[in-house]
Asker: 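Before I ask anything, let me first share the structure, which is written out below as structure tokens.
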Amino acid sequence: MADILEASPSKKGLDGIKKAAILMISLGPETSAQIMKQLPDTYIQKVSYEIANMDHVSREDREAIVNEYLEMSQAREYILDGGFDYAKNLLNKALGTSRAKEVIDMLNQIQLRERPFNIARKADPQQLTNLLLGEQPQTVALILCYMQPDKAAQILVNFPPEKQADIAERIGTITNTSPVIIERIEQVIESKFSSYVENDTENVGGVSTLVEILNQVGRTTEKAIVADLEQKQPELAEEVKASLFTFEDIVSLQKSDVQKVLREVDHDDLVLALKGVSDELRDFIYDNLSSRAVETLKEDMQYLGPARLSAVEEAQQSVVTVIRRLDEHGEIYIMRGDQDAIIE
């Protein structure tokens with residue numbers, strides 16, 4: 001289905017979304033429902049809208065879209081089995097030289113959009129960092145947009161603070177980049193990273209990618225980057241802060257949600273996380289615990305003694321991780337930016 005969604009417009013002006021809608025109609029409700037479950041929400045909405053607004057689909061269009069889908073799926077299988085040359089030979093025999101070239105070219109374009117910088121994603125983070133330290137901030141930002149958030153975070157923290165902020169700003173403001181530019185940069189990067197291997201997955205640029213990376217880099221780095229963004233791009237900083245959730249933001253949660261969080265949080269993490277926080281924040285936590293739990297918590301904090309800042313920040317991050325997990329599962333609600341409040 002990704003092949004159809006990402007496909008270029010056809011001669012009749014049908015873009016990927018319209019093609020996907022026609023394919024869904026052709027496959028029938030049961031099969032289409034199963035496919036829909038696998039699509040991202042944004043695609044589900046767009047395809048559903050097209051289906052709802054499609055009064056009539058000609059038999060010719062239906063057959064053409066189904067055939068295109070089958071050809072693209074077949075081409076992918078051939079590529080997975082034996083690579084592009086193998087696929088090209090088989091497709092030439094099955095579809096003819098002209099159509100085979102069209103299918104291969106389309107797949108090439110789709111795969112460029114799907115998985116740029118694949119070899120960089122597989123590289124060892126430290127080796128990758130060493131190689132990227134000499135690159136321009138805009139190049140580093142573009143590559144980090146397509147990295148796994150945790151690996152991108154590992155790389156970002158190794159840059160000097162002023163360069164971290166510059167890279168973060170560029171990540172946050174990337175909206176789209178020419179496939180030609182991506183391809184050129186990828187060719188240069190590929191020649192440098194060809195010997196390093198690791199894992200895969202991918203991401204895209206913009207505020208959401210920046211937030212995912214900042215969620216991984218640690219509180220000190222996060223605060224420094226956001227503070228710098230506030231000076232350089234206040235609007236971007238506000239958008240990022242609206243999406244971020246920090247340990248101190250726990251006071252913004254509903255009372256019932258705070259109690260759910262505290263039931264899930266490891267006791268030792270909570271003890272360490274409360275080290276050095278404001279009296280107001282500490283009292284807020286106490287107010288959401290039983291008197292016996294508060295007594296135990298105070299006792300353990302008293303016996304804890306001095307603690308490293310990094311250890312405290314790690315414990316606070318563990319609490320935030322619990323909060324974000326519960327929010328993602330719909331068990332609690334985090335207010336973000338201008339979202340509507342919940343009415344009890």
Side-chain angles (χ1 to χ4, degrees), residues 1-81 83-84 87-88 90-92 94-96 98-118 121 145-146 148 174-183 186 200-209 212 328 330:
M1 178 57 71
D3 295 332
I4 291 292
L5 287 166
E6 299 289 342
S8 303
S10 65
K11 293 177 182 177
K12 294 189 176 185
L14 298 175
D15 62 17
I17 300 297
K18 285 186 173 66
K19 288 180 181 179
I22 293 172
L23 180 63
M24 293 285 198
I25 292 169
S26 304
L27 293 176
E30 290 186 12
T31 304
S32 296
Q34 294 303 313
I35 294 173
M36 277 279 201
K37 292 177 184 177
Q38 311 301 318
L39 297 178
D41 288 345
T42 51
Y43 278 136
I44 291 174
Q45 293 165 8
K46 291 176 182 177
V47 173
S48 298
Y49 178 84
E50 285 296 337
I51 292 173
N53 286 277
M54 223 171 251
D55 296 327
H56 173 73
V57 181
S58 70
R59 183 176 178 180
E60 181 187 1
D61 283 346
R62 286 170 60 176
E63 288 179 354
I65 299 304
V66 171
N67 286 336
E68 181 179 331
Y69 174 71
L70 292 174
E71 288 169 358
M72 298 288 279
S73 298
Q74 189 178 44
R76 272 198 185 274
E77 286 180 18
Y78 290 161
I79 289 169
L80 288 172
D81 286 344
F84 273 95
K88 188 176 178 181
L90 291 181
L91 290 171
N92 280 339
L95 306 175
S98 178
R99 182 57 187 158
K101 185 179 184 304
E102 287 179 17
V103 173
I104 289 290
D105 287 347
M106 200 178 298
L107 268 183
N108 271 326
Q109 292 174 19
I110 291 169
Q111 290 190 338
L112 179 61
R113 290 196 293 269
E114 283 181 341
R115 301 181 62 77
F117 306 110
N118 184 45
R121 285 196 299 275
C145 282
Y146 291 94
Q148 306 93 319
I174 289 174
T175 53
N176 51 60
T177 304
S178 163
V180 175
I181 293 174
I182 291 176
E183 190 172 20
E186 189 174 22
D200 67 334
T201 52
E202 86 184 270
N203 242 279
V204 291
V207 172
S208 61
T209 298
E212 286 182 341
E328 286 171 4

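Because the structure is a prediction, the values reported are computed rather than measured.
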Asker: What closest approach, in Å, do L95 and E71 show between heavy atoms, and which atom pair accounts for it?
Answerer: CD2-OE2, 3.8 Å
Asker: Out of curiosity, D61 CG to I22 CD1, how far, rounded to the nearest 0.5 Å?
Answerer: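 Those atoms lie 5.0 Å apart.
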Asker: Report the distance from atom NZ of K18 to atom CG of L23, rounding to the nearest 0.5 Å.
Answerer: 15.5 Å
